[in-house]
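See structure below.
The model shown is predicted, which means the values in this text are computed figures rather than measured ones. Residue numbering restarts at 1 for every chain, and letters A, B, ... go by the order of the sequence lines.
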There are 4 protein chains.
Amino acid sequence: MGLPRKGSVPTGRPRDPRIDAAAIGATLAILDESGYGGVSVEAVARRARSAKTAIYRRWPNRQHLVLAALSARIGEAATPDTGCTICDLNEGINVFIAAFRQIRPDVLGSLLADCASDPELRRQFMVRLFEPPRLAVSRMLDQAAQRGDLRPDADRALVLDLLGSLVHYRALFGHVPTTAAEVEQAVEALLGGIALDYPALLEHSRRLAEGGAVHDTHAL
Amino acid sequence: MGLPRKGSVPTGRPRDPRIDAAAIGATLAILDESGYGGVSVEAVARRARSAKTAIYRRWPNRQHLVLAALSARIGEAATPDTGCTICDLNEGINVFIAAFRQIRPDVLGSLLADCASDPELRRQFMVRLFEPPRLAVSRMLDQAAQRGDLRPDADRALVLDLLGSLVHYRALFGHVPTTAAEVEQAVEALLGGIALDYPALLEHSRRLAEGGAVHDTHAL
Amino acid sequence: MGLPRKGSVPTGRPRDPRIDAAAIGATLAILDESGYGGVSVEAVARRARSAKTAIYRRWPNRQHLVLAALSARIGEAATPDTGCTICDLNEGINVFIAAFRQIRPDVLGSLLADCASDPELRRQFMVRLFEPPRLAVSRMLDQAAQRGDLRPDADRALVLDLLGSLVHYRALFGHVPTTAAEVEQAVEALLGGIALDYPALLEHSRRLAEGGAVHDTHAL
Amino acid sequence: MGLPRKGSVPTGRPRDPRIDAAAIGATLAILDESGYGGVSVEAVARRARSAKTAIYRRWPNRQHLVLAALSARIGEAATPDTGCTICDLNEGINVFIAAFRQIRPDVLGSLLADCASDPELRRQFMVRLFEPPRLAVSRMLDQAAQRGDLRPDADRALVLDLLGSLVHYRALFGHVPTTAAEVEQAVEALLGGIALDYPALLEHSRRLAEGGAVHDTHAL
DNA sequence: TGCTAAGCGAGACGGTACGTCCCGTCTTAAT
DNA sequence: ATTAAGACGGGACGTACCGTCTCGCTTAGCA
């Protein structure tokens, strides 16, 4: 996390790990309270009770600091694999949604926008924030294909985007929150287009739902 | 455009409309060259060969100025109505895409992000940038419903979001540009879910395409 | 008062005299409340419920406006002539003091300072504010000389400055207010230097004081 | 000089003393060229080839900067003590005059005027510009009293003001420069009023003048 | 009575400076 | 070598006035 030291051999006084933690914590706190605009290296240093130099030694600028803070919060997303394609997708997309709901839409948008002028930032944004949940959905589609649930000619990339974008679109534009029921509807609509035998899949998921945990349909 | 005068009765020297135009033009030029971060009221005034005060008289800050510039560029979107639901949607969404491709993704993202802390800005963003193309698609779905092309129980709002988001998602995240072929595919997938008689619609659109102009399939 | 019209023949709509009065009044009010720095043409126009142009038509800038306001307040100073040199001087200097105590010291100082870069302002300042009270004292010294009270070789200009400066010095630097008693002391000290027969003058004034009005010795 | 740092313990990078010097120098240069009105923090920073922030770190605003510049120029005034009261006073007052002649009258007046709305500025103005020369004259009067040259009942404060004001009056109003001859005359006039044995003092000074350096009688 | 010249209010115009905030770099002494 | 502290040059913020200008309307005296 953060910038590596210049020289590879760690001589001299080692970096104080509490400063990493304090800086990340301060950044997250400011993001929650005042949004992206409130994060300045000066403010973070003030709040973390550290010096600006200690921050700049670890991250080259505000943007990378914010990215580090956000990816520290989001962490890793798991891929469900229950054998039921519809259930997996619903479950997986809700993980997707939950992960991004931990980030204020304006913060995500600002950081994304700043990526335009900083390729390295963009690379890290993709690897650490954008791709993990997409990968999870992608893996679930692969599993479904392996089970033979999908038509061989289905355009999985498009479905991936349509499912992913549903969440991001509403998250970023924030005009309506997305409910689990809507996720379910969207999954059904899209699977209707790419499944080999959609009615069978639906029947499978209904039986599981009756026998097991009921899906949460609360608003997200 | 811009701030209204305080009193509704226009007394005093009238505003010079060339300054409005010059400011909008300068803002767009800077946005194209240097992105959102390059736009400062000082820079715009410099480039428009006007005074900072003349800018502040019209727009309260950088954000509103950018919004005015973007909506001046985008203008109004027309709603096609050819009687062919599939053609209309393809055409309409391409207008949608073309409109937003005139805006750098980082600019759109930054402005959107700044909306979080300024309700009035957000309101104008929605009215002037977000809703016009959505309305166009919405009207096309209404037309399709009036023609009896759609299942009565279809969730049009969700389809609207899925179609709209396809564009915005890729525009904002910019990982891949969206081709007209992909739009076609998405329209077909979603209509497959909500159309009363999808094969008939498809056949209709194919006949029109053969007899008339071929859809542009260039990358967007 | 104020600028003359350009053309000497007064055609067209005549100037509204109430605006002159309102502007002077507003200026004085602002000077009293907020000092010289508070006077801006915009503020005066606001307070006088007139337009900036109406002000600029009469006075070329803030400084001349302030000068006009101050000299309107001070007006003319009379020269006492009772035949008693000491009484006249005491009386005359108190008029001097009273006149300048109507002006905040900082206002006087600021205006004076601005005179440095505006010869016309300086000329008017001298004629309308600085000289009138000095002339009064000067006339009193002339009267004393005519009565034969002064030594023929006395440097009247210096005495004039010493007497005048006593007031201005304390007024401008404001470290102590000047009492009538101090004025009396100063007059006696200086007359001691230039009078032909100082004890006789003193005796004369004492007799008059006993028989007539007692000098006010309140602090100024 | 300038603002003290917040914490009394000097941690962090020390202030660059060359910037203090450059700022003071630039301020004095601008004062001489363009007067008080020409001094803006921006202009000083420009001329001193430093940043505005570096100026504001040292002085809270234009006024304090000007005060610092003026007091740097004036420095300390010495008190002569030759045993000859008349010579000392002439000499001392000429130091007084010379010190203030290094300051343009409008600059002094403007600064003084600005003191009205800033008590701290006023305090420093008094301590650094107004009192030093006054103290010198005051000390000379004390020395004269100790030598037994003055009448015990003499009002030294008044004489101090009369002598001091002579200089300031003409300096501020600038109507005539003050010559050493006039100073001599004024000293003689006033000592005539408060000396125990004025003719003896005069005789003493004359003998010294014949035997030593002749007083400068050039215009000031 | 209608013409014409100026006054008037309102407010836009190009400017300048304000004092504040933050940037990302640097210098210092202390650990 | 890292740390806290803070100075450095720089740039932009949004505000307040400057003194000039352009409007449409009002108010006279002269014809």
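Here the P atom of nucleotide F/dA4 and the CD atom of A/Glu42 are 15 Å apart, to the nearest Å. One can place NE2 of A/His64 at 15 Å from P of E/dC23, the figure rounded to the nearest angstrom. Following rounding to the nearest Å, B/Arg13 (CZ) and F/dC23 (C1') show an atom-to-atom distance of 9 Å. Atom P of nucleotide F/dA28 and atom CD1 of C/Ile19 are separated by 12 Å, given to the nearest angstrom. As a whole-Å value, the separation of C/Asn61 CG from F/dC18 P is 10 Å. Summarising the geometry, the separation between CZ on C/Arg57 and P on E/dG9 is reported as 8 Å, rounded to the nearest angstrom. Here the P atom of nucleotide E/dG9 and the CD1 atom of C/Ile55 are 9 Å apart, to the nearest Å. With rounding to whole Å, D/Leu65 atom CG is found 10 Å from E/dC18 atom P.
For the pair D/Gly38 and B/Pro17, nearest-nucleotide mapping onto DNA chain E gives the more 5' position to B/Pro17. Along DNA chain F, the nucleotide closest to A/Ser50 and the one closest to C/Ala43 are compared, and the more 5′ of them pairs with A/Ser50.
Close to F/dA4, at under 4.0 Å from its OP1 or OP2, lies no side-chain N or O of A/Arg46. Between A/Arg58 and F/dT3, a side-chain N or O to OP1/OP2 separation shorter than 4.0 Å is present.
At a threshold of 4.0 angstrom between heavy atoms, the contacts of C/Thr53 include nucleobase atoms, whether or not backbone atoms are also involved.
Picking from F/dC18, F/dC8, E/dG9 the nucleotide with the shortest atom distance to the side chain of C/Ala51 gives E/dG9. When distances run from any side-chain atom of B/Arg62 to the nucleotides E/dT25, F/dC13, F/dA4, the shortest one goes to F/dC13. Closest approach to the C/Arg15 side chain among E/dT25, F/dG10, E/dC8 is made by E/dC8 (side chain taken as heavy atoms from C-beta onward). Comparing F/dG9, F/dT20, F/dA12 by their nearest atom to the side chain of B/Ser40 picks out F/dA12. Here the side chain of D/Val41 is nearest to one of E/dG14, F/dG10, E/dG19, namely E/dG19.
Between the side chain of A/Lys52 and the base of F/dG6, no donor-acceptor pair of N or O atoms lies under 3.5 Å.
Using a cut-off of 4.0 Å between Lys/Arg side-chain N and Asp/Glu carboxylate O, C/Arg58 and C/Asp20 are scored as salt-bridged.
By the salt bridge (charged side-chain N to carboxylate O under 4.0 Å, His left out) test, C/Asp32 pairs with C/Arg73, sequence neighbours left out.
One N or O on the side chain of A/Asn61 and one on the backbone of A/His64 form a donor-acceptor pair closer than 3.5 Å.
Here the CD atom belonging to D/Gln63 is positioned 4.5 Å from the CG atom belonging to D/Asp114, to the nearest 0.5 angstrom.
A side chain to side chain contact (heavy atoms under 4.5 Å, CB included) with D/Ser71 is found for exactly one of D/Val127, D/Ile24, D/Val66, D/Leu129, namely D/Leu129.
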